[in-house]
Protein chains: 2
Amino acid sequence: MVEVRSIDTRERILDTAERLFMAHGYEGTSMRQITSEAAVNLAAVNYHFGSKESLMEEVFRRRLDWLSEERLRALDEMEAQAGDKPLKPSQIVDAFFGTLLRMAEDENRGGMNFLRLLGRTMTEPSEFIRAFLAHRYVHVMDRFKEALFKALPDVPKAEIVWRFHFMLGATSYAIAGTDTLRLVTDWQIEAADKEDRLDRLLPRLMSFLLGGLRAPLPQFDTPESQEERAAKAA
Amino acid sequence: MVEVRSIDTRERILDTAERLFMAHGYEGTSMRQITSEAAVNLAAVNYHFGSKESLMEEVFRRRLDWLSEERLRALDEMEAQAGDKPLKPSQIVDAFFGTLLRMAEDENRGGMNFLRLLGRTMTEPSEFIRAFLAHRYVHVMDRFKEALFKALPDVPKAEIVWRFHFMLGATSYAIAGTDTLRLVTDWQIEAADKEDRLDRLLPRLMSFLLGGLRAPLPQFDTPESQEERAAKAA
DNA sequence: CTATGATTCAAACGAACGTATGAATCATAG
DNA sequence: CTATGATTCATACGTTCGTTTGAATCATAG
């Protein structure tokens with residue numbers, strides 16, 4: 001067989017790059033940092049991946065290909081069980097965001113580290129990686145969009161797309177989480193250990209996402225009239 | 001008077017840096033790009049600001065000092081008018097996030113460009129700028145946290161902090177908006193012009209945020225029991 | 001054992017980076 | 001008009017960047 005030494009090297013590079021890209025960003029991480037911490041030669045990245053950009057793409061591909069399949073599998077199962085009936089919004093949200101967060105519990109699939117890298121990258125201005133993600137996983141987004149359209153037939157499609165977008169943002173921050181949260185508060189929220197925090201994050205986030213997804217529709221007028229509706233709904 | 005030529009130079013550098021930091025990130029933007037596009041000498045940044053890091057801090061300080069005052073002023077007015085009674089959550093959310101989005105309509109205060117830079121920076125791993133923001137504006141966050149605690153006395157404080165955090169994330173994505181949204185959908189949401197989109201964004205976001213903020217509390221158990229509650233509440 | 005292709009290695013490349021320097025140029029006060 | 005301090009300028013410094021090269025080393029097939 002070919003590739004005996006190389007598999008270890010490739011994986012070690014990917015693991016290290018994933019960690020450093022998360023900690024310092026793409027531009028802020030140098031090839032020398034990666035290869036040094038991975039204990040491989042400087043030229044190894046270019047040999048195995050071709051370039052720094054291709055390495056970044058592979059870091060994402062390794063995790064997201066699996067995640068996308070899991071998300072679609074979860075959605076397929078639910079739709080098969082529901083038959084003709086539309087899914088509940090909570091099912092769709094769980095298939096998408098729940099599958100993502102449950103991925104964080106599996107250290108072999110990148111754990112929290114990769115999720116935080118993902119969340120940060122979505123807002124980061126790295127043109128090439130955003131273009132890569134957009135083209136490679138657009139079909140997953142489309143499937144979930146369509147599912148939400150069917151589940152919420154009375155809500156304008158534009159509104160659903162926007163709220164899906166808002167949910168992505170909330171989730172991104174939820175994942176980046178512990179660090180950014182210190183910006184909001186210096187007060188110790190919970191002394192619980194990491195496992196516990198992760199267990200509690202999913203229910204917390206799901207409640208928030210579903211509340212936002214099913215909120216009364218905006219009226220596109222003065223804030224006062226919106227306030228009236230909100231007060232009435234409460 | 002001193003500083004006649006320098007005021008123009010300073011402002012031109014800040015404007016250009018703001019735009020380029022938004023487009024390519026902090027690490028991805030070079031001093032030579034900034035000074036070249038601002039039509040000033042390469043040494044001008046170090047002369048006027050001392051270093052690239054200090055320039056970045058000034059880019060934020062110039063906008064956020066004003067924004068923080070506006071936010072606190074809005075909150076002060078509402079609390080004065082409410083007397084002893086707690087504010088409505090929608091008022092607090094509008095004072096914080098509404099003030100932010102209305103800032104985007106004022107091109108003299110940075111417009112959408114700065115807001116997108118801000119949103120991206122919150123998830124970006126630039127240690128020094130995150131630390132700067134955390135220390136300089138922590139008192140604003142604390143004021144709004146306390147206001148939410150009073151407005152929602154039955155909701156655990158930890159839950160409020162988390163939901164405030166989720167709201168920040170949703171807003172960050174809402175602002176980054178138009179670009180990232182193409183990742184969610186290639187389909188043309190609205191052909192409306194920029195002004196119109198901005199007008200509609202605030203009501204859309206406010207509905208979502210308030211829906212999330214007032215969602216039923218999570219129970220930290222199985223997803224099934226959460227689904228039951230969600231169905232009952234709908 | 002030997003040949004072959006895959007992988008690793010040390011070293012170097014040119015380019016771009018942030019910063020520093022000292023002279024030139026400007027605006028203004030006396 | 002002249003002196004002074006603020007600002008601009010061209011240029012260079014030392015460092016680090018991503019990438020390339022060609023030889024050395026390895027694992028395996030014949």
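The chains referred to below are lettered A, B, ... by the order of the sequence lines, with proteins before strands, and numbering in each begins at 1.
Listed by chain and number, the residues in a side-chain contact (heavy atoms from CB on, under 4.5 Å) with Ala44(B) are Thr9(B), Ile13(B), Val40(B), His48(B) (sequence neighbours excluded). Asn108(A) meets the side-chain contact (heavy atoms from CB on, under 4.5 Å) test with Asp106(A); sequence neighbours excluded. In this view, Phe132(A) satisfies the ring-ring contact (aromatic ring centres under 6.0 Å, His included) rule with no residue, not counting sequence neighbours. The ring-ring contact (aromatic ring centres under 6.0 Å, His included) check on Phe114(B) picks up Phe60(B), with sequence neighbours excluded. Partners of Glu57(B) according to the salt bridge (Lys or Arg N to Asp or Glu O under 4.0 Å) rule, which considers only residues two or more places apart in sequence or in another chain, do not exist here.
Sorted by first and then second residue, the salt bridge (charged side-chain N to carboxylate O under 4.0 Å, His left out) pairs with a member in residues 30-56 of chain B read Arg19(B)-Glu37(B); sequence neighbours excluded. Applying the salt bridge (charged side-chain N to carboxylate O under 4.0 Å, His left out) rule to pairs touching residues 158-176 of chain A yields Glu159(A)-Arg204(B), sequence neighbours excluded.
In this structure, the nucleotide among dT8(D), dG18(D), dT7(C) sitting nearest to the side chain of His48(B) is dT8(D).
Using cut-offs of 30° and 60° on the angle between ring planes, the pair His165(A) and Trp162(A) is perpendicular.
Going from atom OH of Tyr47(A) over to atom C1' of dG5(C) covers 9 Å, rounded to whole Å. Taking atom CD of Glu27(A) as the reference point, atom C1' of dG18(D) lies 12 Å away to the nearest angstrom. Atom C1' of nucleotide dT7(C) and atom CD of Glu11(A) are separated by 16 Å, given to the nearest angstrom. A straight line from CG of Leu55(B) to P of dC17(C) spans 15 Å, rounded to a whole angstrom. When rounded to the nearest whole Å, the span between CD of Gln33(A) and P of dG18(D) equals 9 Å.
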Using atom names, set out every protein N or O paired with an N or O of nucleotides 19-21 of chain C below 3.5 Å, distance rounded to 0.1 Å.
unit_1	atom_1	unit_2	atom_2	d
dT19(C)	OP2	Lys52(B)	N	3.0

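Look at Ser30(B) and you'll find a side-chain N or O under 4.0 angstrom from OP1 or OP2 of dC17(C).
Within 4.0 Å (heavy atoms only), Thr29(A) reaches sugar-phosphate atoms of the nucleic acid but no base atom.
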Q.
Quick one, Phe164(B) with Phe96(B), criterion side chain to side chain contact (heavy atoms under 4.5 Å, CB included). Give me CA distance, side-chain angles, the key distance, then yes/no.
A. CA-CA 10 Å; Phe164(B) 194 25; Phe96(B) 193 89; 3.8 Å; yes
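Stem list for DNA chain C (at least 3 consecutive Watson-Crick or G-U pairs, distances under 3.5 Å): C:1-30 with D:1-30.
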